[in-house]
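Below you'll find the structure, written out as structure tokens, and then a few comments.
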Amino acid sequence: MNVVFCASEAFPLIKTGGLGDVAYSLPNALVGLGVDVRLVIPAYRAVLGGVEQLRVLGWLKLSGGREVRVFQATHPQVAAPLWLIDIPEHFDRPGDPYTDATGKDWHDNPARFTLFSEAVSRLATDDLGLGWRADVVHANDWQTGLVPAFLSLQANAPRSLFTVHNLAYDCQFDFGTFHSMHLPGHWWSVDGGEYYGRLSMLKTGLVFSDLITTVSARYAQEIRSAEFGYGYASILEANAAKLVGILNGIDDEIWNPQTDRHLAHRYHVDGKIRAAKRANRQALLKAFDAPAVALQAEGPLVGNVGRLVHQKGIDLLLEAIPPLLDTTDALFVIIGSGEVALERQLRGLAQAHPERVFCYIGYSETLAHQLEAGCDIFAMPSRYEPCGLNQMYSLRYGTPPVVRETGGLADTVVDATPRSIARGEANGFVFSDPSTPALTQALQRAFELYRQPKQWMKLVKQGMRTDFSWRHSAEAYLSLYRAD
Ligand code: ADP
Ligand code: GLC
């Protein structure tokens, strides 16, 4: 089975969020199952600086006469050979893969990812004459939404599978742009990629692919409703027969508290969890220059890592914190970057409560690991969450998550009730309403159980014992690749 797996980011070369994690772990897991994978990503400047054995694989001639160079490279952590699409004017630039320094989408995103998608489709059908052809092309999110469309233009094309990681991002462009890129006229139709007078790169992926997957079973249901469908619910409903939900896994080598090189104190489920977590908590607080009173505090330490955006419900958390500081002994630590107003609000909270609230505005892989290990509770009040990885990292690190009942959060976290605790099923706290009072109430329930060490440890261990590795999910993808 030959598979081209294409994405716009892949850890450890370039990552802005969970897509980068998936584009690293899933191909690795597929290789482990014997699949012959080529991982295709853009040759961003950061990527070219991070790979080994870089060599030119060949030149592809795209429609409109444009030629692009393709590199092959390796990376010690990436099991599959890397194919990098080199279009310097579009990818050789510093910073974020999707946005400029001011946070605005790069103006040429439609062109960048259209060219990338066409190149991927040509590689899959062996335009370079390498003697390697894909049986399946696995595309991810809008940046590769045109891949299934380009494949549909070819006779005997490989099957295409399109995974939706986040339906809220679609990338649309107008007819002038469409025309300037010499794209086939029939794509500009209601049955193609046309979407309210524009072309949607997400829609082309949904419509032209042979199969659509999304990253949890719950999200696969949710996106067929107006509330979660972001305007695409009816298209997904019409394509429901080819829509499947497969929960993401996590990389259980990188995210393993027993071997995690970012941690000062490693631990495992059968060891002295409480002592190790306490030591990691002290180390985490010290990393934030916390004063002595914080280091001595006994209250639960609540954490969050992620993009500071509306999706993540981070505003609900920031609103919940001040009253909780008055009524409980909890402490809070948040790592993230995103919307300027949320960053400002977070910074303000930390400045106003230097003994109880800590923040790092920015991206830090190391701090993210230390936070998972050092916190007692992880708060993830997302308004929607296609899968979510951090709640699974938290479970693995013995840090019970408090989550909203949506998407992958609903599929991975079992609410602690007397019954679910007694049955040994509970691993966290779940609330339904996307509101500050509902989140506050769930956090208070968590704080209450935290004060009952025996019960708490049951929850902690239940989470730590659960297998969230990629194996099951990779097998599920493999059977979809094989299905007729
Ligand atoms: P999403 O993809 O919607 O951002 P996920 O939970 O699927 O959410 O994945 C987010 C990934 O990005 C996790 O691996 C998380 O640790 C990481 N991440 C997000 N923001 C930061 C940050 N500021 N510092 C370190 N890691 C971060
Ligand atoms: C998206 C989603 C997140 C998911 C990730 C990887 O960014 O927001 O929920 O875990 O993709 O699939």
Side-chain angles (χ1 to χ4, degrees), residues 5 7-12 14-26 96-98 138-144 162-170 202 213-220 222-223 228 230 245-252 254-255 260 262 284 287 303-314 333-339 342-343 346 359-373 375 378-397 399 401 403-404 406-413 468 470 473 477:
F5 191 98
S8 54
E9 57 180 88
F11 177 86
I14 183 132
K15 165 178 156 183
T16 69
L19 171 62
D21 285 327
V22 174
Y24 162 75
S25 328
L26 177 54
D96 187 279
Y98 318 123
H138 188 155
N140 296 276
D141 274 355
W142 67 264
Q143 296 89 340
T144 54
F162 182 64
T163 298
V164 177
H165 296 264
N166 195 333
L167 199 69
Y169 300 91
D170 61 359
L202 175 75
T213 69
T214 186
V215 288
S216 69
R218 176 71 75 107
Y219 193 59
E222 286 174 341
I223 54 180
F228 293 95
Y230 275 83
I246 299 179
L247 190 73
N248 287 332
I250 62 172
D251 191 298
D252 56 359
I254 289 176
W255 292 95
D260 192 329
H262 299 292
L284 175 68
N304 175 279
V305 184
R307 295 180 293 120
L308 301 177
V309 295
H310 184 76
Q311 171 193 348
K312 302 290 175 184
I314 197 74
V333 52
I334 298 176
I335 300 172
S337 62
E339 289 168 20
L342 290 171
E343 288 184 356
L346 173 56
C359 77
Y360 173 79
I361 308 284
Y363 192 94
S364 167
E365 205 70 34
T366 298
L367 279 179
H369 284 250
Q370 291 170 346
L371 186 148
E372 292 291 3
C375 282
F378 193 90
M380 212 162 159
S382 306
R383 289 194 167 78
Y384 72 93
E385 195 61 77
C387 178
L389 299 173
N390 272 305
Q391 83 280 13
M392 293 192 268
Y393 301 153
S394 306
L395 289 166
R396 191 115 208 274
Y397 280 62
T399 310
V403 305
R404 171 148 189 260
T406 183
L409 300 177
D411 286 352
T412 50
V413 182
F468 288 113
W470 263 104
S473 308
Y477 279 108

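Both ligands and their constituent atoms are indexed starting at 1 by order of listing.
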N/O donor-acceptor pair under 3.5 Å between [X] side chain and [Y] backbone:
X: Q143; Y: A7; value: no
X: T144; Y: A139; value: no
X: S473; Y: L247; value: yes

Kindly identify the option in T406, T163, N248, L389 whose heavy atom sits closest to atom 6 (C) of ligand 2.
N248
For atom 8 (O) of ligand 1, which candidate among H369, E385, K312 holds the nearest heavy atom?
K312
For ligand 2, is any non-hydrogen atom under 4.0 Å from V215's backbone (N, CA, C, O), its side chain (CB onward), both, or neither?
side chain
Thinking salt bridges, do K15 and E365 make one under a 4.0 Å N-O criterion?
yes
Looking only at side chains, do D141 and H165 share a donor and an acceptor under 3.5 Å apart?
no
Say whether Y219 and D411, considering side chains only, have a donor N or O and an acceptor N or O under 3.5 Å apart.
no
What protein heavy atom is closest to [atom], reported as residue, atom name and distance in Å?
atom: atom 9 (O) of ligand 2; answer: E385 OE2, 2.5 Å
atom: atom 15 (C) of ligand 1; answer: N390 ND2, 3.3 Å
atom: atom 18 (N) of ligand 1; answer: Y363 CE1, 3.8 Å
atom: atom 11 (O) of ligand 2; answer: H165 CB, 3.3 Å
atom: atom 6 (O) of ligand 1; answer: L389 N, 2.9 Å
atom: atom 25 (C) of ligand 1; answer: S364 O, 3.2 Å
atom: atom 4 (O) of ligand 1; answer: R307 NE, 2.7 Å
atom: atom 10 (C) of ligand 1; answer: G18 N, 3.6 Å
atom: atom 14 (O) of ligand 1; answer: D21 OD2, 2.6 Å

Backbone or side chain, does any N or O of T16 fall under 3.5 Å from an N or O of ligand 1?
no
Determine, using heavy atoms of G388 and all atoms of ligand 2, whether some pair is separated by less than 4.0 Å.
yes
Using a plain distance cutoff, I'd like to know if C387 has any nitrogen or oxygen under 3.5 Å from a nitrogen or oxygen of ligand 2.
yes
Partner residues of Y98 under the ring pair (Phe, Tyr, Trp, His ring centres under 6.0 Å) criterion, sequence neighbours left out
none
Heavy-atom contact check, 4.0 Å cutoff: does [X] meet ligand 1?
X: G362; answer: yes
X: K15; answer: yes
X: G306; answer: yes
X: Y393; answer: yes

For Y393 together with W255, are the ring centres under 6.0 Å from each other?
yes
side-chain hydrogen bond (donor to acceptor under 3.5 Å, both in side chains) between Y384 and N166, worked out
CA-CA 9 Å; Y384 72 93; N166 195 333; 2.9 Å; yes
My understanding is that only residues two or more places apart in sequence, or in another chain, count here; which of them pass side-chain hydrogen bond (donor to acceptor under 3.5 Å, both in side chains) with D251?
none
Distance in Å, L19 CG paired with E9 CD, rounded so as to fall on 0.5 Å steps
4.5 Å
Reported CD-to-OG1 distance for the pair E385 and T412, which is rounded to 0.5 angstrom
9.5 Å
